[in-house]
Amino acid sequence: MQWWKETSIYQIYPRSFYDANGDGIGDLPGIIEKLDYIKDLGFETIWLSPHYASPQRDFGYDISDYFSVAPEYGDTEDALQLIDEIHSRDMKILFDMILNHTSDQHPWFQESRSSKDNPKRDWYIWRKGNGPGKPPNNWACLPGGSGWKYDNTTDEWFFHNFLDFQPDLNFRNPEVKKAMFDTMRYWLDRGVDGFRLDIFHSIYKDDQFRDNPFSWKYVPTSDFDEGYFQKLEYNINRPESFALAKEVRQVIDEYSPDRFVIGEVFGKDVVKKYLGENQDGLNLILQFDLIELQGADGNKAQEIRNILQRYESEYSPPFLPTYSVGNHDRRRYISRIENNQGLARLLALLQYTARGVPITYYGDEIGIPDGDLPHIGAKDATAHKYWWLPPALARSLHLYVNRDGCRTPMQWDSSPNAGFSKTSSARPWLPVHPDFEICNVEKANKDPYSLLNIHRNLLHLRKAHDSLRSENLQILEGLPESVVGYSRKSESEDTNIYMNLGPEPVKFHHASGKILFRTDPACTADGAIELPAWSGIVLQ
Ligand code: NOJ
């Protein structure tokens, strides 16, 4: 099997992971110092959120030079050393690649905006307005508001699918496509094992610039294809973007050993197209169903069963789903599930034992809660747009507009600043979550059933049992209502997973077997299977 089909991914937000030089900002040498932690947990691949030169208005998702490293994170030598150190631990590294847009400070955009006849003019999407002060059409950008920004240098508007300092590149211009493919090749040549592709579904826009149709929805749907009173029909998920997925795959496939790309794409019923009918598009796409999971009430067993069933039918082999509960854009999952530690353990059990690639965002392995940080004065630029929206109202609408909350520093120990900065007097770029004295790596290491040890043990279990990495998953029937069960088979073994996703204990008869793993020491399988509330077991 190709290595990326069996891998497990740990996402690092470089600014927040470990600050080795004491300036309050995480850095590449800091990541290098902590690689053994990630290796020991059992992760095989690291996805590094952007570390390139950037004005940091969107913390690296606004790149001003794809070939250099942001000085506060280190330099090119550090990036190359990071790649080497990861490989020397027999691990892989994915860089984040932003093809859709650059920073407005990128020299390409500076040239492009300077005059209508500049050779780079057509590298971005420029249009005349629809009358004085009126944008060329009604397209909303993904964070809300018009996607067009007026530029008085040339009296035209440029388009941005994200924030207005992130102008979209024009992929219809072959020079742009070539420049961006060469950017990927530059890092592939230096050993990176692939990329996570930022808002890949946004890259092509309608070539006729048709208005988006009206919709009654203001708050965006979870698929992000409707909202702000329109259906985002013409500025995302265009057929040319599905075709681009195949071209990107060809670039990746120029390299051996295998490299891979995983796309950030949103949209109802269409995202699978990015994988290509013959699995000749992006290798994987990020899936957000567990990231959308809210609360710890309701029928959680049914919600999880539905996700499993859908992934198994839509992404049956050779396709492969991905499982993650959090990322750098969404409220921390432990807070979303109301700090239900049992459910948190079960989500880890699901992630690492279901058929798919698990992706864990730094800090979720110890359950760092979401930072309760105000919109006003936020570091995150989307919060600046929504400064007027009270955080409690935003939460009740499931709108997460201040992403500072999920980016607070990693909590290593209970020393000042949670051990995030090597120098204890440093002032971290975001406040450390106040619970760091009870929630940190050092403390979690000591408890055999801590969330951290659950992650570690499951990752090692997954490595040791080929059934857990096989292409086979069968959902088990005839179990109590609150229990989700599935079997994983390989040539040499048969493994059953049972999770009690409810607040009452359950006792039932099903296959018996040796206990390989349990999320709670009180789970037993002695004749009958007995699972306390919110607990699960793996039987061989
Ligand atoms: C999606 C990324 O995950 C997010 O952090 C970023 O702000 C936008 N794309 C724009 O690049």
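First listed ligand is number 1; within each ligand, the first listed atom is number 1.
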- Task: Measure from NZ or CZ of Lys134 to the centre of the six-membered ring of Trp157, then state whether that distance is under 6.0 Å and the direction lies within 45° of the axis.
- Result: no
- Message: Only heavy atoms of His328, strictly under 4.0 Å: list the atoms of ligand 1 that pass.
- Response: 2 (C), 3 (O), 4 (C), 5 (O)
- Task: Would you mind listing which atoms of ligand 1 come within a distance below 4.0 Å of any non-hydrogen atom of Glu264?
- Result: 1 (C), 3 (O), 9 (N)
- Query: Which residue holds the protein heavy atom closest to atom 11 (O) of ligand 1, what is that atom called, and what is the gap in Å?
  - Reply: Asp198 OD2, 2.7 Å
- Query: Under 6.0 Å from the CH2 atom of Trp387, do we count more than 12 heavy atoms belonging to anything else shown?
  - Reply: no
- Task: Would you mind telling me if ligand 1 is within reach of the side chain of Arg196, the backbone, both or neither, using heavy atoms under 4.0 Å?
- Result: side chain
- Basic-acidic side-chain contact under 4.0 Å: Asp206, Arg210: yes
- Out of Asp58, Leu163, Ile63, the nearest non-hydrogen contact to atom 6 (C) of ligand 1 is supplied by Asp58
- Per-atom filter on ligand 1: closer than 4.0 angstrom to a heavy atom of His101 are 10 (C), 11 (O)
- Are Tyr10 and His455 an aromatic pair by the rule of ring centers under 6.0 Å? no
- Message: What I'd like to find out is whether the side chain of Lys120 reaches to under 4.5 Å of the side chain of Arg113, using heavy atoms alone.
- Response: no
- Please write down residue, atom name and distance for the protein heavy atom closest to atom 3 (O) of ligand 1. Asp329 OD2, 2.5 Å
- Numbering as shown, the atoms of ligand 1 that approach Arg403 to under 4.0 Å (heavy-atom distance): 4 (C), 5 (O), 6 (C), 7 (O)
- Query: Hey, does the Lys NZ or Arg CZ of Arg403 hover above the aromatic six-ring of Tyr361, less than 6.0 Å from the centre and inside 45° of the axis?
  - Reply: no
